[in-house]
Q: 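Handing you a structure now.
Just so you know, these numbers come straight off a predicted model, no measurement behind them. All chains are named by letter (A, B, ...) in the order of the sequence lines, taking the proteins before the strands, and each is independently numbered beginning at 1. Just the heavy atoms: all of them, side chains too, but no hydrogens, waters or symmetry mates, feed the values below.
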Protein chains: 2
Amino acid sequence: MNITIYDVAREANVSMATVSRVVNKNSNVKPSTRKKVIEVIDRMGYRPNAVARGLASKKTTTVGAIIPDISSIFYSELVRGIEDIATMYNYNIILTNSDQNKDKELQLINTMLEKQVDGILFMGRNITPEHVEQFSSASVPVVLAATYDETNELPSINIDYEEAAYEATKLLIMKGHEHPAFICGNEHLQSNQFKYDGYLRALTEAGVTINDDFAIREGYSYNAGLEGIKKLLSLPVKPTAVFTGSDEMGVGVIHGAQDLGYEVPKDIEVFGFNNTRMSTMVRPTLSTVIQPMYDLGAVAMRLLTKYMNKEEVTEANVILPHRLVERGSTK
Amino acid sequence: MNITIYDVAREANVSMATVSRVVNKNSNVKPSTRKKVIEVIDRMGYRPNAVARGLASKKTTTVGAIIPDISSIFYSELVRGIEDIATMYNYNIILTNSDQNKDKELQLINTMLEKQVDGILFMGRNITPEHVEQFSSASVPVVLAATYDETNELPSINIDYEEAAYEATKLLIMKGHEHPAFICGNEHLQSNQFKYDGYLRALTEAGVTINDDFAIREGYSYNAGLEGIKKLLSLPVKPTAVFTGSDEMGVGVIHGAQDLGYEVPKDIEVFGFNNTRMSTMVRPTLSTVIQPMYDLGAVAMRLLTKYMNKEEVTEANVILPHRLVERGSTK
DNA sequence: ATGAAAGCGCTAACAA
DNA sequence: TTGTTAGCGCTTTCAT
């Protein structure tokens, strides 16, 4: 049997209420009794039972994080941001992978709620009314990170993907490429759609006639980049620059082009997205859009603490800044 | 106020014990009452409170995972293995980062225990008697993954690092390199020490006189590889092959050599470790030791479930197989 | 400053 | 098959 608060109380000749007070650093305890109680706690090796505490106080100091896939370089960095801030505010994280599966997401939200988390951090492809309904079946605060909310009802942290893609494409155009190509996942992920929108806006603004063959909208991995560029370079009219939706695809494009005997950036310039560590671990190094992944997580967690403490929140939908870095894959 | 088991019982005209039975799929319930109760549960949207359940049953169906750093490609893959098996057995994971800091590790174990986890998965540099003491201050099972236990008391999942390093080095020697070089983190991480031991064994077995300049034993990142190879190639006698302790360092070595005008594998052959996704995302692709990261996590979690269910365990210290893959960075 | 006592929502004997 | 009841270990009024 474990030591309980009751054992400590008996041993210290005080009531359990007093022990509870010293454990919770309540100031209404005479210094001498506090000292005595602490001494007994240390001696007996008393460890408060957080479950009992949670039941009595209705606070568990744990928050649920639902993410698509922790093994992705993007989300693991983001989760690190979440974790660090959570630790800072004394929360623990229950982490679950959804694989972007809606049913799984809905079910995970339910599990989190059963476990009485104090708040939920959600990352996924996009929020539907069903998600919102599931969230509101309990009254815990929810914050979205890097996730699009078509219902526009939930607090969120994002960057402006459309604008970032616009800027990257425009940069390529200004470097003299009349019609950069585009390789990115499809519109099922809202951020991909935003990227495509930004890409199109830059093209349109430059008065270019859109060539649909130049937009490859499927896949998301290194291989998608590898194959995408091969497809593009087998076209009768070949692109001279490619903007990709992720660094991984960007690296794939660089290698795919090199495998075909092209030189980067001489024959073809490449621009990535995210600024993952990988972007500097390739030759030439990859120019890319800096997306502050760690900060996305950290700010989301910070925002969640505000809601959990019922602090006032001035801005519920935060857009974090992005910026472009030019490296070896562009001239 | 939330719906409780009591509300459901009243509404369904049964006792809370009966509701508890249907929720827990106890078979001692007449089908008709079961049906009635389920109907009420659905109608009222009853959601069992896992915290109360945990207090009463002394089981939380959550396990704690302590890892060095979730943003590392190695651990995030491993955690994915843990997560998948945990989900399969209906457990949730509380994830925390220790940054290999011993005090933090000890404190995290304590937090996990306070939260009454049913088991702990620990990953770290190495286990000391203090760790063991902290673990045994409660009676929850612990399993180590990819972690060395000098006390040799805890169940663990590992691969044979010494043997793997031996094989990789030997392969390089057999390819005609008299004295391959070695770049790897230092002995503070036990697996690094094992790698070094294996490297030395292959060298010794081949009757080579050890050249200490050829073993760089610091750092762990891409940059360490980059700088390590530059140092090696500035030596009066230069190595013609390098074995590194991680793929990231291996890729760094490839790029560092290329930056200096050397060709891989013509002038210098490179062998990595881990078989992370990165090893195929470089030109030439990296030959490496396949370490089954996902499996390390999955098997560790599976083993933990056995301990938690008090099933019999035949082998508490599991060594998973490794193997070498040759790719473009070796001839 | 301290204590008594009533829950928190559930499980698990034990009875019936 | 079902119900009664006593906790699980703690927080939190309310008294004192």
Q: Does dG3(C) have OP1 or OP2 under 4.0 Å away from a side-chain N or O of Ser15(A)?
A: yes
Q: Any idea which heavy atoms bring Ile66(A) and Glu105(A) closest together, and the distance?
A: CD1-O, 4.4 Å
Q: Can you measure Gln116(A) atom CD to dC10(D) atom P for me and round it to whole angstrom units?
A: 19 Å
Q: With a 3.5 Å distance limit and no angle check, can you tell me whether Asn158(A) reaches the backbone of Thr147(A) through a side-chain donor-acceptor pair?
A: yes
Q: Would you kindly give the OH-to-P distance between Tyr6(A) and dT11(D), to the nearest whole Å?
A: 16 Å
Q: To the nearest Å, how far apart are Asn13(B) CG and dT4(D) P?
A: 12 Å
Q: With rounding to the nearest 0.5 Å, note down the distance linking OH in Tyr89(A) to CG in Asp118(A).
A: 15.5 Å
Q: For DNA chain C, which residues of residues 19-32 of chain A approach it to below 4.0 angstrom with any heavy atom?
A: Arg21(A), Asn28(A), Val29(A), Lys30(A)
Q: To the side chain of Ala56(A), which of dC10(C), dG7(C), dA4(C) is closest?
A: dG7(C)
Q: Ignoring hydrogens and angles, tell me if any N or O in the side chain of Ser20(A) forms a donor-acceptor pair with the backbone of Met16(A) under 3.5 Å.
A: no
Q: Can you find a side chain N or O atom of Thr33(B) that sits less than 4.0 Å from OP1 or OP2 on dT2(D)?
A: yes
Q: How long is the line joining NZ of Lys115(A) and C1' of dG9(C), in whole Å?
A: 16 Å
Q: Closest approach to the side chain of Arg53(A), judged atom by atom: which nucleotide of dC10(D), dC8(D), dT11(C) is it?
A: dC10(D)
Q: To the nearest angstrom, how far is Leu113(B) atom CG from dG9(D) atom P?
A: 15 Å
Q: Are Gln100(B) and Leu189(B) close enough, and set up right, to give a side-chain contact (heavy atoms from CB on, under 4.5 Å), and what steps lead you there?
A: CA-CA 9 Å; Gln100(B) 314 249 41; Leu189(B) 190 58; 4.3 Å; yes
Q: According to the interplanar angle, ranging from 0 to 90°, do the rings of Phe194(A) and Tyr161(A) count as parallel (below 30°), tilted (30 to 60°) or perpendicular (above 60°)?
A: parallel
Q: Please identify which of these residues, Asp149(B), Ile157(B), Leu303(B), meets the side-chain contact (heavy atoms from CB on, under 4.5 Å) condition with Leu144(B).
A: Asp149(B)
Q: Taking for each residue the nucleotide of DNA chain D bearing the nearest heavy atom, is the 5' side occupied by Arg34(B) or by Leu55(B)?
A: Arg34(B)
Q: If I take atom CG in residue Asn2(A) and atom C1' in nucleotide dG9(D), what distance separates them, rounded to the nearest angstrom?
A: 11 Å
Q: Please determine, for the side chain of Thr18(A), which listed nucleotide (dA12(C), dG3(C), dG9(C)) has the closest atom?
A: dG3(C)
Q: For DNA chain C, find the residues of residues 43-51 of chain A with a heavy-atom distance under 4.0 Å and give them by number; none if there aren't any.
A: none
Q: At less than 4.0 Å, is any side-chain N or O atom of Lys58(A) found next to OP1 or OP2 of dG9(C)? Yes or no.
A: yes
Q: Looking only at atom types and distance, does a side-chain atom of Asp69(A) sit under 3.5 Å from a main-chain N or O of Ser71(A), one as donor and one as acceptor?
A: yes
Q: How long is the line joining CE of Met16(A) and C1' of dA5(C), in whole Å?
A: 10 Å
Q: Could you give the CD1-to-C1' distance, from Ile3(B) to dG9(C), as a whole number of Å?
A: 13 Å
Q: Calculate, to the nearest 0.5 Å, the distance between atoms CD1 and OH belonging to Ile127(B) and Tyr148(B) respectively.
A: 11.0 Å
Q: Under a 4.0 Å N-O cut-off, is there an ion pair linking Asp295(B) with Arg302(B)?
A: no
